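Report on one structure; see the data block that follows.
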There are 2 protein chains.
Amino acid sequence: MNSYTEENYLKALFNLANETGEVNVNELSKWLEIKMPTVTSMMKKLAEKKLVHYESYKPLRLTEKGKKEAGLVIRKHRLTEMFLVNKMNFGWEDVHDIAEQIEHIQSPVFFEKMDELLGYPKIDPHGSPIPDSNGKMIWKVYEKLSDCKVGETVKLLAVINTSSNFLKFLNSRELQLGLKIKIKSIEAFDKSMVVSYSKRQNESLSQLVTERLLVEKDK
Amino acid sequence: MNSYTEENYLKALFNLANETGEVNVNELSKWLEIKMPTVTSMMKKLAEKKLVHYESYKPLRLTEKGKKEAGLVIRKHRLTEMFLVNKMNFGWEDVHDIAEQIEHIQSPVFFEKMDELLGYPKIDPHGSPIPDSNGKMIWKVYEKLSDCKVGETVKLLAVINTSSNFLKFLNSRELQLGLKIKIKSIEAFDKSMVVSYSKRQNESLSQLVTERLLVEKDK
DNA sequence: ATATTTTGTTAGTCTAATCTAACATTATAT
DNA sequence: ATATAATGTTAGATTAGACTAACAAAATAT
Ligand SMILES: [Mn+2]
Ligand SMILES: [Mn+2]
Ligand SMILES: [Mn+2]
Ligand SMILES: [Mn+2]
């Protein structure tokens with residue numbers, strides 16, 4: 001079994017991995033707010049456990065085993081978030097910190113029950129995919145709203161940033177997943193967009209917002 | 001804030017306290033399966049935090065503050081058990097170990113939500129009272145089934161032992177809280193009882209069982 | 001009353017996970 | 001090409017929570 005702490009490192013390694021699966025000690029250190037020497041020594045420990053490929057001064061990489069175990073922690077996190085939103089009436093802006101703790105509960109049946117009660121969901125409340133029970137995650141390829149063109153109508157399917165502040169902002173504009181959004185105009189100067197959706201006909205969204213909204217072209 | 005470990009010590013002190021509120025180091029040590037020197041040093045730490053009255057070689061006693069904080073941990077434990085049974089379809093024999101972990105989640109709103117969804121329950125799935133949000137627990141005075149007399153009809157309201165094995169035994173006899181039980185006879189030799197309840201007319205229960213069932217005389 | 005057993009404390013060690021200070025390597029800028 | 005900055009490692013210290021061994025006090029038995 002991996003400790004609470006080890007599980008958090010695995011998750012971070014998985015989430016920070018670039019296209020080639022690499023993570024630098026420094027990034028990981030900053031992300032976890034844990035000093036580099038501590039990270040180095042944990043990486044050696046995870047390497048002992050065959051969860052991480054570690055070589056001095058080289059970027060870090062999860063092993064297949066490491067990826068699987070990380071995937072399973074992320075699965076527990078996302079199932080929990082879904083459960084908190086769908087079964088306990090939490091807002092999507094309030095679930096991350098609780099899930100950050102509950103993901104470490106040691107009880108397979110507890111998460112199986114969540115999964116069952118939720119009807120085996122494939123995505124979490126923020127549109128992120130929930131890894132299957134082997135830790136495998138299937139990433140859908142979405143487009144950023146900021147990359148769409150005037151006149152297009154798209155469906156909002158996920159958010160990139162899941163900070164409470166950003167999600168509260170989306171709440172205040174009644175922006176939620178599943179919504180159809182039409183792009184009415186784009187300001188050349190700052191790339192801000194004027195869009196319409198549901199009852200809102202002239203919402204202006206800054207680029208900071210539009211590049212954090214993941215959409216699919218409406219077919 | 002108290003640590004995960006401290007919370008478990010507080011809960012144990014509360015549960016092991018005798019009529020005068022005292023607990024011996026040795027008892028606590030055996031209960032927690034932690035060696036006495038470790039317990040002694042933790043007691044000194046909790047005394048520093050004004051949670052325990054500690055004097056060398058004297059029995060341990062929670063302070064008022066300690067009782068309150070212990071009560072709040074027990075509240076979280078019992079709310080969790082109730083949630084697992086009523087909202088997640090777990091059996092009463094399967095919830096203790098999960099609650100033992102979830103009771104340490106740091107998120108007041110998480111437990112408030114449970115409480116709300118459950119409709120502010122006063123007892124847990126085993127009939128134990130749930131302390132209020134100030135940590136205050138109100139003990140109802142129940143009678144042991146083993147202390148009742150032939151001919152009496154009683155209502156099953158709580159179980160003393162909550163081990164999975166005992167609860168599974170009760171399941172196998174369809175014995176559940178709320179049931180009306182009539183005492184048909186008591187065997188003088190071994191104090192075993194023949195009782196009837198629901199569709200069962202001639203169930204024999206050993207004294208080991210009857211002294212673990214808490215009942216109220218039917219009025 | 002004294003010996004024995006049980007209970008409790010002290011002192012010192014260990015492991016997991018953190019830190020700082022100092023040093024080493026790699027990357028970047030001039 | 002070399003100096004400087006950024007990144008990474010090593011060594012050693014710290015804290016929480018556990019342990020064992022040895023000793024001390026209290027309770028119990030003879
Ligand atoms: Mn999250
Ligand atoms: Mn976490
Ligand atoms: Mn319990
Ligand atoms: Mn616990």
Side-chain angles (χ1 to χ4, degrees), chain A residues 1-14 16-18 20-62 66 69-70 73 100-101 103-106, chain B residues 1-14 16-18 20-62 66 69-70 73 100-101 103-106:
Chain A
M1 252 322 86
N2 302 313
S3 71
Y4 191 109
T5 308
E6 289 168 338
E7 286 193 334
N8 282 335
Y9 276 93
L10 289 172
K11 202 154 56 89
L13 281 163
F14 193 108
L16 293 176
N18 62 17
T20 61
E22 294 178 340
V23 182
N24 299 317
V25 174
N26 193 251
E27 292 172 71
L28 187 51
S29 164
K30 282 177 176 148
W31 177 254
L32 293 172
E33 297 179 87
I34 286 172
K35 296 287 184 291
M36 282 202 287
T38 308
V39 171
T40 296
S41 78
M42 179 58 84
M43 289 309 105
K44 288 177 172 174
K45 189 176 157 201
L46 293 181
E48 274 299 313
K49 296 178 78 172
K50 305 289 181 202
L51 294 165
V52 167
H53 293 293
Y54 176 79
E55 288 180 86
S56 285
Y57 297 104
K58 297 253 176 77
L60 307 165
R61 237 164 7 90
L62 284 172
E69 305 207 358
V73 182
E100 200 57 54
Q101 300 176 62
E103 67 191 1
H104 306 292
I105 298 291
Q106 307 232 326
Chain B
M1 251 323 86
N2 302 313
S3 71
Y4 192 109
T5 308
E6 289 168 337
E7 286 192 334
N8 282 336
Y9 276 94
L10 289 172
K11 203 155 56 86
L13 281 163
F14 194 107
L16 293 177
N18 62 17
T20 61
E22 295 178 340
V23 182
N24 298 318
V25 174
N26 193 254
E27 291 173 71
L28 187 52
S29 164
K30 281 176 178 150
W31 177 253
L32 293 172
E33 297 180 87
I34 286 172
K35 296 288 185 290
M36 281 203 286
T38 309
V39 170
T40 296
S41 80
M42 180 57 85
M43 290 308 105
K44 288 178 172 173
K45 190 175 157 203
L46 293 181
E48 273 300 311
K49 295 178 81 173
K50 305 289 181 200
L51 294 166
V52 167
H53 294 294
Y54 175 78
E55 285 180 87
S56 284
Y57 298 102
K58 296 254 177 77
L60 307 164
R61 237 162 7 89
L62 285 171
E69 306 208 358
V73 182
E100 201 56 55
Q101 299 176 63
E103 67 191 2
H104 306 292
I105 297 292
Q106 308 232 326

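Every chain is numbered from 1 and lettered A, B, ... according to where its sequence line falls, protein lines coming before strand lines. These values consider heavy atoms only, across backbone and side chains, with no hydrogens, waters or symmetry-generated copies. All values derive from a computational prediction rather than experimental measurement.
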Residue pair [X] / [Y], side-chain heavy-atom distance below 4.5 Å:
X        : Y        : value
Leu16(A) : Leu60(A) : no
Tyr9(A)  : Leu32(A) : yes
Asn2(B)  : Leu51(B) : yes

**Study point:** Test: Glu100(B) and Lys11(B) ion pair at under 4.0 Å
**Key:** yes
Calculate the interatomic distance between [X] atom [atom1] and [N] atom [atom2]; express it in whole Å.
X        : N       : atom1 : atom2 : value
Glu22(A) : dT7(D)  : CD    : C1'   : 15 Å
Met43(B) : dA18(D) : CE    : P     : 10 Å
Ile34(B) : dC14(C) : CD1   : P     : 21 Å
Met42(B) : dC19(D) : CE    : C1'   : 14 Å
Asn2(B)  : dA16(D) : CG    : P     : 13 Å
Met1(B)  : dA16(D) : CE    : C1'   : 17 Å
Glu48(B) : dA16(D) : CD    : P     : 12 Å
Leu32(B) : dC19(D) : CG    : P     : 10 Å

Check your understanding: Any side-chain N or O of Tyr9(B) less than 4.0 Å from the OP1 or OP2 oxygen of dA18(D)?
Key -> yes
Practice item. Using a 4.0 Å heavy-atom cut-off across all strands, classify Thr38(A) as base, sugar-phosphate, or nothing. Key: base
Check your understanding: Across the strands shown, which category fits Ser29(A) at heavy-atom distances under 4.0 angstrom: base, sugar-phosphate, nothing?
Key ->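 The residue Ser29(A) makes no contact with any strand.
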Point to revise | Derivation of the side-chain contact (heavy atoms from CB on, under 4.5 Å) call for Ile34(B) and Met42(B) | key: CA-CA 11 Å; Ile34(B) 286 172; Met42(B) 180 57 85; over 6 Å; no
Exercise for review: Check whether more than 12 heavy atoms from other residues, nucleotides or ligands sit under 6.0 Å from atom NZ of Lys49(A), and answer yes or no.
Suggested key: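 Counting neighbours around NZ of Lys49(A), more than 12 heavy atoms of other residues, nucleotides or ligands fall under 6.0 Å, so yes.
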Study note, to complete from the structure: Letter by letter from the 5' end, nucleotides 8-15 of chain D scores (B base, S sugar-phosphate only, - none; protein heavy atoms under 4.0 Å) BBB-----
**Study point:** From CA spacing to verdict: side-chain contact (heavy atoms from CB on, under 4.5 Å), Glu22(B), Lys58(B)
**Key:** CA-CA 9 Å; Glu22(B) 295 178 340; Lys58(B) 296 254 177 77; over 6 Å; no
